[in-house]
Amino acid sequence: MKTILVTAFEPFGGETLNSSWEAVRPLQGCQIAEANIEVCQLPCVFDTSLKHLYATIEHVKPEIVIAVGEAGNRSNISVERVAININDARIPDNAGKQPVDTPVIIGGPTAYFATLPIKAIVDELKRVGIPAKVSQTAGTFVCNHVMYGLLHYLTQHAPAVRSGFIHVPYLPEQATKYSDAPSMAVEMITVALKIAIESALRNENDIAIAGGTTN
Ligand code: PCA
């Protein structure tokens, strides 16, 4: 039986919940295709999030890692293509740290590509009527930091383990606080993540399909 680790984040930026955690939490202990799902919540803190992530990978020994985070301005399930070696925080993290233009890993490569089948995931989500796209940037806050650190760590320590990052919208109860914020129901996000997991298990390599992206 394979193990898939799915991570999400604690609330940040003045929110009382984080949509990524609300959608990921129900997956704990689920069996999807031939895999067991393990979930873990990461602190929204530079560096500490990575220490927590690496310790969990060592403990769980997953075949695939999917990190999930909230992107309140997005209306789609955003399957990230690339992580860059930069921290440039718009707001302080949950420990009050606000790095500006520092590397995630000193001396690390400029960027890493996700090793998940990003086009296949987007295609399968759209087929079942869930808005999804390939995203070309995970930003420069803690989510990009975790995606970069994850790909760097696995490249060095467990290159056979595939991984990537998915950004998810606000939940409707979060969006009601703003005048024009997009949102998605938590049940739909959870289903989307299950589909992403199935797709990652089924597709060792990505499919070549044009138009998975809108930016
Ligand atoms: N979203 C933030 C960090 C934690 C989260 O859920 C981001 O997009 O960087």
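Order of listing sets the numbers, starting from 1, for every ligand and every atom in it. It should be emphasised that the depicted structure is a prediction, and the values quoted were computed from it without experimental measurement. If you read the sequence from its start, that first residue is 1, and numbering goes on from there.
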Are Ile57 and Pro62 close enough that some pair of their side-chain heavy atoms sits under 4.5 Å apart? yes

Quick one: do the Glu80 and Gln136 side chains pair a donor with an acceptor below 3.5 Å? no

Given a heavy-atom cut-off of 4.0 Å, could you list the residues near ligand 1 in chain and number order? Phe9, Phe12, Asn18, Cys44, Gly69, Glu70, Phe141, Val142, Cys143, His167

Spatial distance of atom OH (Tyr148) from atom CD1 (Ile105) [nearest 0.5 Å]: 6.5 Å

Hey, can you tell me if His157 and Tyr153 have their rings parallel, tilted or perpendicular (30° and 60° cut-offs)? tilted

Would you kindly confirm whether Leu53 and Leu151 end up in one hydrophobic cluster when ILVMFWY residues are joined by side chain heavy atoms under 4.5 Å apart? yes

Go through the steps for Glu63 and Arg162 under the test salt bridge (Lys or Arg N to Asp or Glu O under 4.0 Å), then give the verdict. CA-CA 7 Å; Glu63 269 79 9; Arg162 294 179 293 135; over 6 Å; no

